[in-house]
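Presented below is the structure to which this report refers.
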There are 2 protein chains.
Amino acid sequence: MKLSTKGRYAVTAMMDLAIHDPLGPVTLADISQCQGISLSYLEQLFAKLRKDGLVEGVRGPGGGYRLGRPASQISIAEIIKAVDENIDVTRCLGNKDCHGGEKCLTHQLWEDLSTRLYDFLDNLTLASFIQRPEIREVSHRQDTIANRIATMFPPRAMLSARMAAA
Amino acid sequence: MKLSTKGRYAVTAMMDLAIHDPLGPVTLADISQCQGISLSYLEQLFAKLRKDGLVEGVRGPGGGYRLGRPASQISIAEIIKAVDENIDVTRCLGNKDCHGGEKCLTHQLWEDLSTRLYDFLDNLTLASFIQRPEIREVSHRQDTIANRIATMFPPRAMLSARMAAA
DNA sequence: TAGAATGCCTACTTAATTAGTAGGAATAAA
DNA sequence: TTTATTCCTACTAATTAAGTAGGCATTCTA
């Protein structure tokens, strides 16, 4: 289990998707602009998220990315694992005889900690974050505005409006 | 909250100290050999741990490092914070107007997650790991051997014996 | 059917961080 | 006084994160 900026980018981008889910697909250009992450770097992260089925892409105008599953079925641990893919390799690999012939003790202890941490993050779902009342409120307001625009203009114009608002 | 190899090194080294606490100070040379981390890199990590009062150094022959406080009063979060010192700076810093004038939502959500994670790791103490029965057993066996040697030889010889065993 | 907006893919480059190397001064035990 | 250690600083190498560039594939809209 590793936790770096990369993981944070992935998690916050997924939160963005979750918040705007009812609006349809969110473009990476949107996320790139909102969160100040380079578009191409996001593409690289989303390639991994897609590979793990956490998101699905919709091509063409009006496209973007959607959650691959309901937010309640996506855990934070899964997101981080998808982009980090780096399995926690300890040096001794559990077979180095250290401390007088015993299997490396600290390795075991770290595994233990790593597991506890993973379990913790695996029990936190995207939904548990976006369901906070103040988030729902803001999100709803945004949706209302966006839907009003959507009613007045065809899809292309709505996207432009969202870009302008961001 | 960041979690990288650096943090793992620090945590496992601290676990080593905790396990061998009754034996007196543990040298960095020992840890370096047992865990395959370069001595000088360990010195750099321990400089930070010392700055935060998590360990105390004992100079001269027979010296090494000891826990700065009882293992039950040292949390995993503290150890990681000590070596990472990198405060999780998000790009928008909470003041970038994004999502149509609202304070960056995902920033808030990440903060929320970050806090939950910190609290989780702050409630895990070093002691909670080394008190597992199988660890106590191994640790006790090691201590027994070490103490037997210590009875037979003066401190210098004991250290060498520990090195040889490792 | 043409053009534009998107995802999707690959290769490369730059920046940041992690990890290691080197050398030496300070301290304390033997 | 010698030796084992912490303690300190500066530098370098390796690895990873992040960004850049360019182009192909798909699908919507006009």
Side-chain angles (χ1 to χ4, degrees), chain A residues 2-10 13 17 24-33 35-51 55-66 68 80 83-89 91 153-160 162-163, chain B residues 2-10 13 17 24-33 35-51 55-66 68 80 83-89 91 153-160 162-163:
Chain A
K2 215 171 92 180
L3 191 51
S4 62
T5 324
K6 202 172 178 178
R8 194 182 75 216
Y9 281 175
L17 255 53
V26 178
T27 69
L28 293 189
D30 267 11
I31 297 177
S32 165
Q33 229 185 1
Q35 301 196 21
I37 310 169
S38 97
L39 177 59
S40 217
Y41 192 46
L42 275 175
E43 284 177 351
Q44 288 166 40
L45 298 184
F46 271 75
K48 296 181 178 180
L49 295 173
R50 198 169 60 96
K51 193 162 49 79
V55 298
E56 56 186 28
V58 181
R59 293 186 176 197
Y65 281 95
R66 249 191 243 121
I80 292 170
V83 296
D84 275 346
E85 98 260 342
N86 163 306
I87 306 300
D88 165 33
V89 176
R91 306 234 169 181
F153 301 101
R156 275 264 292 289
M158 183 191 93
L159 278 175
S160 310
R162 197 203 292 163
M163 292 290 279
Chain B
K2 215 170 91 180
L3 192 50
S4 61
T5 325
K6 202 171 178 179
R8 196 182 74 216
Y9 282 173
L17 255 55
V26 178
T27 69
L28 293 190
D30 267 11
I31 298 178
S32 164
Q33 231 187 356
Q35 301 197 19
I37 310 169
S38 97
L39 177 60
S40 216
Y41 191 46
L42 273 175
E43 284 177 351
Q44 290 165 38
L45 298 183
F46 271 75
K48 295 181 180 182
L49 294 172
R50 197 169 59 96
K51 194 162 48 81
V55 298
E56 57 185 29
V58 181
R59 291 188 179 196
Y65 282 95
R66 248 192 244 119
I80 292 171
V83 297
D84 273 347
E85 100 260 340
N86 162 309
I87 305 299
D88 165 31
V89 176
R91 306 236 169 177
F153 301 100
R156 275 264 292 287
M158 183 191 94
L159 278 175
S160 310
R162 196 200 293 164
M163 291 288 278

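Below, read A as the first sequence line, B as the second, and so on, with proteins coming before strands; counting in each chain starts at 1.
- With distances taken from any side-chain atom of A:Tyr9 to the nucleotides D:dA17, D:dA18, C:dT18, the minimum falls on D:dA18.
- Taking atom CG of A:Leu42 as the reference point, atom P of C:dT6 lies 15 Å away to the nearest angstrom.
- Listed nucleotides D:dA17, D:dA18, D:dT20 differ in distance to A:Thr5; the shortest reach to its side chain belongs to D:dA18.
- In terms of heavy atoms, A:Gly57 sits closest to A:Arg50 at N-CD, 4.3 Å.
- Distance check: B:Phe46 CZ to B:Leu39 CG gives 10.5 Å after rounding to the nearest 0.5 Å.
- For B:Lys2, no side-chain nitrogen or oxygen approaches OP1 or OP2 of D:dA17 to under 4.0 Å.
- When distances run from any side-chain atom of B:Tyr41 to the nucleotides D:dA17, C:dG20, D:dC28, the shortest one goes to C:dG20.
- Per the geometry, CZ belonging to B:Arg8 stands 13 Å off C1' belonging to C:dA19, to the nearest Å.
- Here the P atom of nucleotide C:dA16 and the CD1 atom of A:Ile37 are 16 Å apart, to the nearest Å.
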Look for any protein N or O under 3.5 Å of an N or O in nucleotides 7-10 of chain C and output each such pair with its distance, or none.
from: C:dG7; atom 1: OP1; to: A:Leu28; atom 2: N; distance (Å): 3.3
from: C:dC8; atom 1: OP2; to: A:Arg50; atom 2: NE; distance (Å): 3.4
from: C:dC8; atom 1: OP2; to: A:Tyr65; atom 2: OH; distance (Å): 2.5
from: C:dC8; atom 1: N4; to: A:Glu43; atom 2: OE1; distance (Å): 3.4
from: C:dC8; atom 1: N4; to: A:Glu43; atom 2: OE2; distance (Å): 2.9
from: C:dC9; atom 1: OP2; to: A:Arg50; atom 2: NH2; distance (Å): 2.6
from: C:dC9; atom 1: N4; to: A:Glu43; atom 2: OE1; distance (Å): 2.8

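- Put simply, CG on A:Asp84 is 14 Å from C1' on D:dT15, counting in whole angstrom units.
- What separates NZ of B:Lys6 from P of D:dT15 is a distance of 17 Å, to the nearest Å.
- Using cut-offs of 30° and 60° on the angle between ring planes, the pair B:Tyr9 and B:Tyr41 is perpendicular.
- In this view, A:Arg59 satisfies the salt bridge (charged side-chain N to carboxylate O under 4.0 Å, His left out) rule with no residue, not counting sequence neighbours.
- With rounding to the nearest 0.5 Å, the separation of CG in A:Leu28 from CD in A:Gln44 is 11.5 Å.
- Under the 3.5 Å distance criterion, the side-chain polar atoms of B:Ser32 are left unmatched by any main-chain donor or acceptor of B:Ser38.
- We find that CZ of A:Arg66 is positioned 12 Å from P of D:dT27, with the value rounded to whole Å.
- We find that CG of B:Leu45 is positioned 14 Å from P of D:dC7, with the value rounded to whole Å.
- In this structure A:Glu43 satisfies the salt bridge (charged side-chain N to carboxylate O under 4.0 Å, His left out) test with no other residue, sequence neighbours excluded.
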